[in-house]
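Down below is the structure, laid out as structure tokens.
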Amino acid sequence: MVNRDADGWLGGDGWPPDPLLEKGLSAADLDDWHELTAYDSQRPYYSADGVDRDEAARILSAIPEMTLSQRWNYSPTLGTLLRSIAKHPQVRGNSPAPRGEPSEHFGLSGVLIDDPELLGFTPDIAVGPVPPWVADLDPELQSEYYHHRASCLSSSLYRQRWYAARHRYDLRDAGRGPDEIDVVRGPHGPVLHLWWD
């Protein structure tokens, strides 16, 4: 869904008054503000084609073993990411630099995962209706209230998607969860972009 804000409902800070109730948006719509605003702020940081399974297998055999134990910030190790990509065709690597011949300087900052089930997750929490007293708050407090509601739903989706991806795609040696999990444009439609910055 792309909303160009024709009705002005996004407000000055980008948060709708109550998108699930007033505009009938689904939790999936709420999760991805980039799609709602038709702006992909992650585009400079990922390649939609990514490192595929054939390239991952080639890189695994071409770079030094010691390089495979390196990681981009708290991401899984390079070896773990490459083995996941080589094993699972729906996973592609996100290289932070132009790719050429693999070397000891090769790295991956994240992965793109084409998994409709992960994309289809919905929040496992209920936020309930907006209390009537919210209308009496000054605009700044209203904005904080709506931001908190959206954050609760977004955090629920992040947690579910990370735990599922971590186990389903063998990303278990990450130092922590990704800094961001975003829905972005992939080669054949929307994909999840998990990245550690």
- Enter the distance from Leu171:CG to Tyr163:OH here, rounded to the nearest 0.5 Å. 14.0 Å

- Note on the structure: Exactly one candidate in Asp173, Leu68, Asn94, Val111 meets side-chain contact (heavy atoms from CB on, under 4.5 Å) with Leu81; the answer is Val111

- Item | From CG (Leu194) to CZ (Arg166), nearest 0.5 Å | 12.0 Å

- Query: Side chains of Thr77 and Thr80: is there a donor and an acceptor less than 3.5 Å apart?
  - Reply: yes

- Message: So Leu78 and Ile59, do their side chains get closer than 4.5 Å, heavy atoms only?
- Response: no

- Sequence neighbours left out, what pairs pass salt bridge (charged side-chain N to carboxylate O under 4.0 Å, His left out) with at least one residue falling in residues 80-91? Lys87-Asp170

- Query: Is Ile113 close to Val191 at the side-chain level, that is, under 4.5 Å between some pair of heavy atoms?
  - Reply: no

- Note on the structure: When every non-hydrogen atom of Tyr158 is compared with those of Gly177, the smallest separation belongs to OH-C, 3.2 Å

- Side-chain (Ser155) to main-chain (Cys152) donor-acceptor, under 3.5 angstrom: no

Would you list the atom pairs, donor with acceptor, under 3.5 Å between side chains in residues 125-141 and any protein atom, with sequence neighbours excluded?
from	atom 1	to	atom 2	distance (Å)
Asp138	OD1	Glu140	N	3.0
Asp138	OD1	Leu141	N	3.1

- Separation of Asp182 CG from Arg161 CZ (nearest 0.5 Å): 9.5 Å

- Do Gln160 side-chain atoms and Thr122 backbone N/O form a donor-acceptor pair below 3.5 Å? yes

- Task: Sequence neighbours left out, what pairs pass salt bridge (charged side-chain N to carboxylate O under 4.0 Å, His left out) with at least one residue falling in residues 106-134?
- Result: Asp115-Arg168, Glu117-Arg168, Asp124-Arg159

- Message: With heavy-atom distances below 4.5 Å as the criterion, would you say the side chains of Pro76 and Trp196 are in contact?
- Response: yes

- Task: List for me each residue that meets side chain to side chain contact (heavy atoms under 4.5 Å, CB included) alongside Ile85, sequence neighbours excluded, and say none if there are none.
- Result: Ala56, Val91, Leu108

- Query: How many angstroms lie between atom CD of Gln70 and atom OG of Ser75, to the nearest 0.5 angstrom?
  - Reply: 10.5 Å

- Quick one: CG on Asp52 to CD on Glu55, what's the gap to the nearest 0.5 Å? 6.0 Å

- Query: Among all residues two or more places apart in sequence or in another chain, which pass the side chain to side chain donor-acceptor pair (under 3.5 Å) test with Ser84?
  - Reply: none

- Message: With rounding to the nearest 0.5 angstrom, report the CD to CG distance, Gln90 to Leu112.
- Response: 12.5 Å

- Looking at Leu157 and Pro123, what are the two nearest heavy atoms and their distance? CD2-N, 3.6 Å

- Task: Give the intermediate values and the outcome of side chain to side chain contact (heavy atoms under 4.5 Å, CB included) for residues Trp162 and Leu192.
- Result: CA-CA 10 Å; Trp162 168 235; Leu192 285 181; over 6 Å; no

- Smallest heavy-atom separation, Trp195 atom then Pro178 atom, equals O-CB, 3.5 Å

- Message: Going by the rule salt bridge (Lys or Arg N to Asp or Glu O under 4.0 Å), which residues pair with Asp179 if we only count those two or more places apart in sequence or in a different chain?
- Response: Arg176

- Item | Closest non-hydrogen atom pair, Leu60 against Ala86 | CD1-CB, 4.4 Å

- What pairs of residues pass the salt bridge (charged side-chain N to carboxylate O under 4.0 Å, His left out) test when at least one of them lies in residues 64-79, not counting sequence neighbours? none

- With sequence neighbours left out, the residues meeting side chain to side chain donor-acceptor pair (under 3.5 Å) with His167 are Arg172

